[in-house]
Every structure is written in structure tokens, then in C-alpha cells.
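Here the structure comes first, spelled out in C-alpha cells, and everything after it is commentary.
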Number of protein chains: 2
Amino acid sequence: MSMLLNMKTSPINEMRQHILDTAQIIISGKGFSAVGLNEILQEAGVPKGSFYHYFGSKEAFGEALLEAYFSAYLDQLEACLTQPGVSGAELLMGYWIKWRDTQSDCDPKGKCLAVKLAAEVSDLSESMRSVLQCGTDQVIARLARAIEAGMADGSLLHQNSPQDTATTLYQLWLGASLRAKITRDREPLDTALRATHVLLGLPSSTV
Amino acid sequence: MSMLLNMKTSPINEMRQHILDTAQIIISGKGFSAVGLNEILQEAGVPKGSFYHYFGSKEAFGEALLEAYFSAYLDQLEACLTQPGVSGAELLMGYWIKWRDTQSDCDPKGKCLAVKLAAEVSDLSESMRSVLQCGTDQVIARLARAIEAGMADGSLLHQNSPQDTATTLYQLWLGASLRAKITRDREPLDTALRATHVLLGLPSSTV
DNA sequence: CCGGCTCGTAGACGACTGGTCTAATAATGA
DNA sequence: TCATTATTAGACCAGTCGTCTACGAGCCGG
């Protein structure tokens with residue numbers, strides 16, 4: 001009983017999370033294949049031999065990394081889209097602006113793992129692809145709910161289906177973030193923000 | 001003089017191209033870091049030692065790979081967008097439909113290297129990132145010209161700037177292709193195609 | 001026709017790192 | 001004190017990129 005309750009703060013899970021946190025920063029910079037366990041474990045101050053006490057393999061570790069990432073991301077998304085007294089349209093635009101800002105600065109901590117790893121990992125590991133699919137589907141579903149709420153409160157027009165709009169917007173921002181990695185500036189994300197206004201039927205503002 | 005003319009068919013360039021063609025298939029599946037020169041050269045039937053007669057390093061090889069890819073892609077794009085007696089809108093939609101079809105089937109030969117490598121390579125090699133930037137910028141510029149032509153022949157409405165629309169569409173399709181790698185089906189690309197209709201101000205068709 | 005020359009190629013090799021696992025240590029609890 | 005568990009050091013081999021020497025095909029002068 002108490003073991004179940006303390007699952008997240010048990011020493012072994014604390015260590016797991018510590019390794020995952022360290023790895024996220026490194027991997028969001030160098031990718032999955034290009035980073036060795038050595039580098040991660042050394043940075044985390046964990047002996048190499050201990051790795052297989054916490055994770056069954058590098059692939060299982062990758063799964064856990066993505067699961068932890070999406071878990072935190074969805075919490076953050078939920079918080080972002082449930083502020084009292086703010087219209088649905090404003091909540092959504094706040095989310096995209098936050099996306100633009102976190103992906104255009106240079107802090108590796110906030111970089112999106114879906115953008116970084118999707119292409120590399122989907123053809124590499126079926127289990128990691130599956131976590132990625134589950135995570136992104138949940139993000140899109142949450143965005144669709146937010147769009148629906150915006151339609152309900154009158155801040156968004158009814159044009160296409162919320163699911164379709166959410167999917168399109170997510171894909172647009174995925175691609176914009178990818179291109180931002182190429183150009184190394186925020187122009188792709190600014191362009192995506194303008195397009196988001198259009199796709200949501202909002203008056204274009206000076207961003 | 002004749003050397004310049006024959007540059008593309010000189011034995012050394014034939015060999016280079018043969019290695020590049022072989023590598024493109026493998027790398028578009030497994031990525032850049034995860035593939036060793038061994039595997040590529042073995043598949044190409046080229047001994048390992050000879051590699052450094054054709055390319056200075058793996059990174060230089062990666063540059064050449066991307067250059068060759070974009071060179072071929074831009075030729076293909078040009079051919080796709082310059083068919084006589086077809087309206088600008090139809091040319092563009094033909095291009096997106098072709099994109100959808102090539103990226104949704106399983107043939108690794110036609111897979112987009114920009115989608116596959118952008119995230120991995122941009123943080124790994126400045127020179128490869130630079131080739132990627134140059135290539136994608138050219139694609140977007142060519143798309144912008146096609147949109148401009150569509151406005152000129154009356155098949156497209158004047159709404160936003162051609163450059164902006166081209167950028168948005170390209171990013172949307174980049175992201176849709178990325179998500180298609182995750183979901184392993186064509187739904188992301190079908191959704192992108194519908195959104196493309198909307199963004200171009202065309203009547204939505206049953207795709 | 002032949003010997004000596006160059007030059008592109010061949011693939012073994014070096015130094016190193018990868019993920020994985022076993023065997024030994026440290027810590028814990030009875 | 002001992003049995004059991006938790007932790008870790010280091011060996012392991014396959015694989016990495018890049019180098020280096022040695023082989024052999026082709027040419028040229030005689």
C-alpha cells in the first residue's frame with residue numbers, strides 16, 4: 001500500500017528520474033543514437049554498471065524518457081489551457097506563443113522531444129514510436145477539446161471539426177519547429193503563429 | 001574543357017554518386033548517426049579504404065548526400081510545377097498530392113531526407129545544417145513562385161504574401177510527414193492536404 | 001616485349017566507444 | 001553473525017571512424 005503511494009518518491013524512482021532529467025537535456029541536443037550511456041551516466045554522476053538496475057536496456061530507457069517527457073508536457077499543457085476567466089481563443093493563442101518562445105530560445109531544457117526524436121526514433125524502435133504516438137495523440141486531443149471550448153464560449157468560429165483543426169495546427173507547429181532547427185531563428189515560428197491566426201479565423205494581429 | 005562537361009559522368013563522380021545513391025536509401029531509414037560507413041560501403045560494394053578517396057570524412061559525405069538530394073529534388077519540383085496548360089492551383093495541388101503519396105507508402109527510395117535528418121543533423125553538423133537550410137529555402141522560394149503564378153493566372157486568390165503562404169505550407173507538410181512517421185499511416189498527410197485547400201482558398205474537395 | 005614507374009584501390013589495423021552482463025562488493029535486516 | 005538484497009566496477013566484444021601500407025593495373029621509355 002504505502003509502496004504504491006510512495007512510488008514516485010521511492011529511492012529507485014528518484015534515481016530513475018534523476019537519470020531521465022539529465023538525459024533529456026543531453027538527448028534533446030544530440031539525439032538518441034548519437035548519445036552513449038556513458039555520457040549520460042557520467043553527467044548524472046551514476047556509475048555505468050548501475051544503469052541496468054534502473055532500466056532494462058537503452059531502448060527501454062528511451063521509452064521511459066518519452067513517457068516522462070509527455071507526462072510532464074501534458075500536465076503543463078493542461079495548466080496552460082485551464083486558466084479561469086480567459087476565453088478559449090486566448091488560451092489557445094497563449095499556448096502557441098509559449099511554444100514559439102520555448103522553441104526559439106537556446107535553452108535545451110525546454111526543447112520539444114517530439115520534434116527532436118520523432119524522425120530518428122520512429123524507424124528505430126517500435127516501442128518508442130508507440131510512446132510517441134500515444135503522447136502526440138493526447139496532445140492533439142487536448143488541443144481539440146480547447147478548440148471545442150473556444151467554439152462554445154463564442155471566441156472561435158465553427159469552421160472545421162475541432163479534431164481536424166487541432167491536428168493541422170499541431171502538425172504545422174511540429175514542422176515549424178523542425179524548420180526552426182534548420183534556420184536557427186524564430187522566423188519559422190513567427191510564420192506559424194500568423195498562420196495559426198488564419199486557421200482559427202482570428203483577426204491577424206501584429207506579432 | 002571536356003573534363004568540365006563530363007564532370008557528372010567521370011568515373012570518380014559516377015562512383016561518388018553510386019555511393020550516395022546507396023547511402024540515401026539506408027540513411028533515409030536509419031538516420032545519419034546510427035548508420036556506419038561499413039554498412040553503406042558494404043551495400044555499395046565499395047571497400048572501406050576507398051571511401052576516403054571520394055569523401056574527406058563522414059561529415060563531408062553527409063553534406064554531399066544532402067546536396068545531391070536537394071539537387072535532384074529541386075529538378076523534380078521544377079518539372080512538377082512547369083507543365084504546360086495546367087493552372088497554377090492545379091500544379092500546386094498536384095505537388096502536394098505527390099508528396100502525400102510518396103511519403104505515405106513504404107518505399108524508402110522516395111522518403112524525404114529533410115524530414116528524416118533535419119532534427120538530428122542540425123545540432124550535429126553546422127555544414128550539414130547549412131546545406132539543409134539552403135535546400136529548404138530554395139524549395140520554399142520555388143513554391144512561392146508557383147503561388148505567385150497561380151495568383152497571376154487567376155486560379156488562386158490574393159490573400160497573404162506568396163512567400164508566407166509557401167513557408168506555412170512547407171512547414172505544415174514537414175510536420176505532417178513527421179507525424180506520419182509516428183502514426184505510420186497517411187491520416188496526417190490527408191489532413192494536411194485538406195488544410196492546404198483551406199490555406200490556398202480553394203473549395204474543399206473530397207480527398 | 002619488358003622493366004620500372006606511378007597511382008588508385010584494398011582491406012587490415014588502431015584507437016576508441018557502444019551497449020550489455022557477470023562477478024564481486026556494500027548494505028541491509030533477521 | 002549471517003543471508004539476502006542492492007549496488008557497482010570492470011570485462012566483454014562488436015562496432016565506430018579514420019589511417020596506412022601494400023598490392024596490382026596501366027602507362028612509358030627502351
Side-chain angles (χ1 to χ4, degrees), chain A residues 2-3 6-20 22-24 26-27 29-66 117 120-121 123-129 131, chain B residues 2-3 6-20 22-24 26-27 29-66 117 120-121 123-128:
Chain A
S2 73
M3 279 184 63
N6 292 345
M7 217 169 65
K8 298 218 163 169
T9 54
S10 79
I12 186 168
N13 278 83
E14 254 178 46
M15 199 47 149
R16 277 173 60 100
Q17 197 56 49
H18 170 61
I19 299 176
L20 289 172
T22 309
Q24 183 175 328
I26 301 176
I27 284 182
K30 301 191 181 182
F32 187 73
S33 300
V35 171
L37 298 179
N38 261 330
E39 183 178 355
I40 294 168
L41 296 169
Q42 195 165 332
E43 179 68 30
V46 175
K48 186 177 181 180
S50 306
F51 177 79
Y52 286 83
H53 267 269
Y54 300 108
F55 304 97
S57 66
K58 195 191 183 188
E59 185 179 10
F61 168 72
E63 287 177 61
L65 181 77
L66 289 172
L117 297 183
E120 180 186 357
V121 147
D123 300 317
L124 191 72
S125 156
E126 176 60 25
S127 58
M128 289 178 72
R129 186 195 67 77
V131 177
Chain B
S2 74
M3 279 184 62
N6 292 345
M7 216 170 66
K8 299 218 162 169
T9 55
S10 78
I12 187 169
N13 279 84
E14 256 178 45
M15 196 50 148
R16 275 175 60 102
Q17 197 55 49
H18 170 61
I19 299 177
L20 290 173
T22 309
Q24 183 175 328
I26 301 176
I27 285 181
K30 301 193 183 182
F32 187 74
S33 299
V35 171
L37 298 179
N38 261 330
E39 182 178 356
I40 295 168
L41 296 171
Q42 195 165 332
E43 179 67 29
V46 175
K48 194 165 184 183
S50 303
F51 175 80
Y52 287 86
H53 269 270
Y54 299 107
F55 305 98
S57 66
K58 194 190 183 188
E59 184 178 10
F61 169 72
E63 288 177 61
L65 180 77
L66 289 172
L117 298 183
E120 178 184 358
V121 148
D123 300 317
L124 190 72
S125 156
E126 177 59 25
S127 57
M128 289 178 72

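Just the heavy atoms: all of them, side chains too, but no hydrogens, waters or symmetry mates, feed the values below. Note that the structure is a prediction, hence the values are computed from the model and not measured. Each chain gets a letter, A, B and so on, in the order its sequence line appears, and its residues count up from 1.
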For [X] and [N], what is the distance between atoms [atom1] and [atom2] respectively, to the nearest whole Å?
| X | N | atom1 | atom2 | value |
| --- | --- | --- | --- | --- |
| A/Glu39 | C/dG18 | CD | C1' | 13 Å |
| B/Phe51 | D/dT19 | CZ | P | 11 Å |
| B/Ile40 | D/dC17 | CD1 | C1' | 12 Å |
| A/Gln42 | C/dG18 | CD | C1' | 14 Å |
| B/Leu41 | D/dT16 | CG | P | 11 Å |

Notebook entry, point to check: Considering all heavy atoms of both residues, which atom of B/Leu124 and which atom of B/Ser33 are nearest to each other, and what is their separation?
Noted result: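 That closest heavy-atom pairing would be CD2-OG, 3.6 Å.
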Hey, could you give me the [atom1]/[atom2] distance between [X] and [Y], rounded to the nearest 0.5 Å?
| X | Y | atom1 | atom2 | result |
| --- | --- | --- | --- | --- |
| A/Leu65 | A/Glu59 | CG | CD | 13.0 Å |
| B/Leu41 | B/Ile19 | CG | CD1 | 6.0 Å |
| B/Tyr52 | B/Leu37 | OH | CG | 5.0 Å |
| B/Leu66 | B/Gln24 | CG | CD | 9.5 Å |
| A/Thr22 | A/Glu39 | OG1 | CD | 11.5 Å |
| A/Ile40 | A/Ile27 | CD1 | CD1 | 4.0 Å |

Notebook entry, point to check: Counting only heavy atoms not in B/Glu126, do more than 12 sit closer than 6.0 Å to its CD atom?
Noted result: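 Correct, the count exceeds 12.
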Item checked: Check: A/Glu120 side chain, B/Glu120 main-chain N or O, donor-acceptor pair, under 3.5 Å ->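 Not a single qualifying donor-acceptor pair exists.
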Item checked: Under 3.5 Å donor-acceptor, A/Glu63 side chain and A/Ser127 backbone ->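 No, because the side chain of A/Glu63 does not come within donor-acceptor range (under 3.5 Å) of the backbone of A/Ser127.
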Notebook entry, point to check: Tell me, do B/Arg16 and B/Phe55 make a side-chain contact under 4.5 Å, heavy atoms counted?
Noted result: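 With C-beta onward as the side chain, the pair touches.
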Notebook entry, point to check: Near DNA chain D, under 4.0 Å by heavy atom, which residues of residues 29-37 of chain A?
Noted result: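 DNA chain D contact set from residues 29-37 of chain A: none.
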So which protein nitrogen or oxygen atoms get under 3.5 Å of nucleotides 8-12 of chain C's nitrogens or oxygens?
unit_1 : atom_1 : unit_2  : atom_2 : d
C/dT9  : OP1    : B/Tyr54 : OH     : 3.2
C/dA10 : OP2    : B/Ser50 : OG     : 2.9
C/dG11 : N7     : B/Gly49 : N      : 2.7

Next item on the list: Respond yes when some side-chain nitrogen or oxygen of B/Tyr52 is under 4.0 Å from OP1 or OP2 of D/dG18, and no when none is.
Entry: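 Indeed, a polar side-chain atom of B/Tyr52 lies that close.
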Margin query: Can you see if the side chain of B/Asn38 gets near the phosphate of D/dT16 - specifically, an N or O under 4.0 Å from OP1 or OP2?
Written below: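 Result: yes.
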Next item on the list: Kindly state which residues belonging to residues 58-66 of chain B come within less than 4.0 angstrom of DNA chain C, counting heavy atoms of the residue only, listed by number.
Entry: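 Listed by number, there are none.
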